[in-house]
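By convention here, the first residue in the shown sequence is residue 1.
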Amino acid sequence: MKDRKTDHTCVAVIAVLLIAILPVQSAVGAERIVTGGSPVLERIVAEGVIRVGVNPLFKPFSFTNEKKERVGIDIDIANLLASGLGVKLEIVVPDTFLDLFPLAQNGEIDVIIAAMSRIFQRSQWIDFTDSYYDTGISVMLSKAKGSGLGISQVKSYKELMNQLRNARKEDQLIIAATTGQGAIKSIPSFFPKAKIKEYPTNEESAEAVAKGEAHIMVHDEIFLNSWVKDNPDKALYRMTVFRKPYKPDSYGFGIAKGNQSFLNLLNMFIYDQLYAQGYFKQFMEKYLKPQPEGASFDVGESEL
């Protein structure tokens, strides 16, 4: 007959060995996650918290509602990610969009989920995931302001540039754009002779066009269409958003370099949870409500 004391000793030794070799779990019940040497992922698991940096203001992805709550598509995505990892979520809202990059590099946030365009310059500072939303940079035109250049009726980038070239007024075009955003970086290539007026936020850029300070605003089509629908008093019959973007764009999450295992995990989250499981479609439909009956906006068709 075996000695029960010996059996208990063996079980205890085995338990100690298992604890030593199994992946670390977070204090709030995260699933067993193999971190693969990713410093960021190790910190998330050890602390039981994921810190997500979001855009200070980019409706419908990140904004505050009437109750002063932070809401939006990216906020819902962050909550889904935290739930999938089994950790708590901490939303970090910086003063400006550009503050997100040093926050990620310095380890003050774990991931950027901020409707952030994947562009070459930014990939030198952080690593991008696969795209979680494909969009495009388009034009919002003030019909009243545009009449002075003979462009009030144009409906595409091609028509706009042809009209300006034929009238030799390319250098008179004034473009409102948001500092640090991907759209502003496209202007020298697509509008080489235009004058640029920079504004600190997307809303201020849009307001500038509404007030006649600029002929057009260039930005992601989803923001332009949302702004026009949310501001009928300023946009109805006065503003138009071109139906076809002049430059393709896509949004990705961003993380500090040197975290390949975390990057792989996030890519699988985008593929499986956001798309295969249908969560992204749900989030989009939640915030992009149908246009009210009877409204008549001359805006671009959404690709949703």
Do [X] side-chain atoms and [Y] backbone N/O form a donor-acceptor pair below 3.5 Å?
{"X": "Asp272", "Y": "Met268", "result": "no"}
{"X": "Lys169", "Y": "Leu149", "result": "no"}
{"X": "Ser147", "Y": "Ala144", "result": "yes"}
{"X": "Lys195", "Y": "Leu173", "result": "no"}
{"X": "Tyr287", "Y": "Gly72", "result": "yes"}
{"X": "Asn225", "Y": "Ile222", "result": "no"}
{"X": "Arg238", "Y": "Asp233", "result": "yes"}
{"X": "Gln105", "Y": "Trp125", "result": "yes"}
{"X": "Arg51", "Y": "Ile91", "result": "no"}
{"X": "Tyr133", "Y": "Asp249", "result": "no"}

Would you give the length of the straight line joining atom [atom1] of [X] to atom [atom2] of [Y], rounded to the nearest 0.5 angstrom?
{"X": "Phe190", "Y": "Tyr246", "atom1": "CZ", "atom2": "OH", "value": "7.0 Å"}
{"X": "Leu85", "Y": "Leu41", "atom1": "CG", "atom2": "CG", "value": "7.5 Å"}
{"X": "Leu81", "Y": "Asp76", "atom1": "CG", "atom2": "CG", "value": "12.5 Å"}

Chi angles and distances behind the side-chain contact (heavy atoms from CB on, under 4.5 Å) call for Thr240, Lys143: CA-CA 7 Å; Thr240 182; Lys143 293 182 178 181; 4.1 Å; yes
Pair Glu159 + Lys155: basic N to acidic O under 4.0 Å: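 Answer for the salt bridge query: no.
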salt_bridge(Glu221, Lys244) N-O dist < 4.0 Å: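 So Glu221 does not pair with Lys244 through a salt bridge.
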Criterion side chain to side chain donor-acceptor pair (under 3.5 Å) on Ser205 and Asn202, from CA distance to verdict: CA-CA 5 Å; Ser205 295; Asn202 299 328; 5.6 Å; no
Option from Arg118, Arg122, Lys257 for which salt bridge (Lys or Arg N to Asp or Glu O under 4.0 Å) with Asp127 holds: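 Of Arg118, Arg122, Lys257, salt bridge (Lys or Arg N to Asp or Glu O under 4.0 Å) with Asp127 is met by Lys257 alone.
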With Phe61, the ring-ring contact (aromatic ring centres under 6.0 Å, His included) member among Phe97, Tyr251, Phe283: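 It is Tyr251, the one option of Phe97, Tyr251, Phe283 that forms the ring-ring contact (aromatic ring centres under 6.0 Å, His included) with Phe61.
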Polar contact flag, side-chain donor to acceptor under 3.5 angstrom, Arg70-Ser62: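 Note: Arg70 and Ser62 side chains meet the donor-acceptor criterion.
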Thr96 and Asp99 side chains, donor-acceptor separation under 3.5 Å: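 Yes, side-chain donor-acceptor contact under 3.5 Å.
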Residues, nucleotides or ligands: over 12 heavy atoms within 6.0 Å of Tyr275 OH: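 Check passes, neighbour count above 12.
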Given Leu263, Ile112, Ile77, the one that forms side-chain contact (heavy atoms from CB on, under 4.5 Å) with Phe253: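 One option only clears the test, and that one is Ile77.
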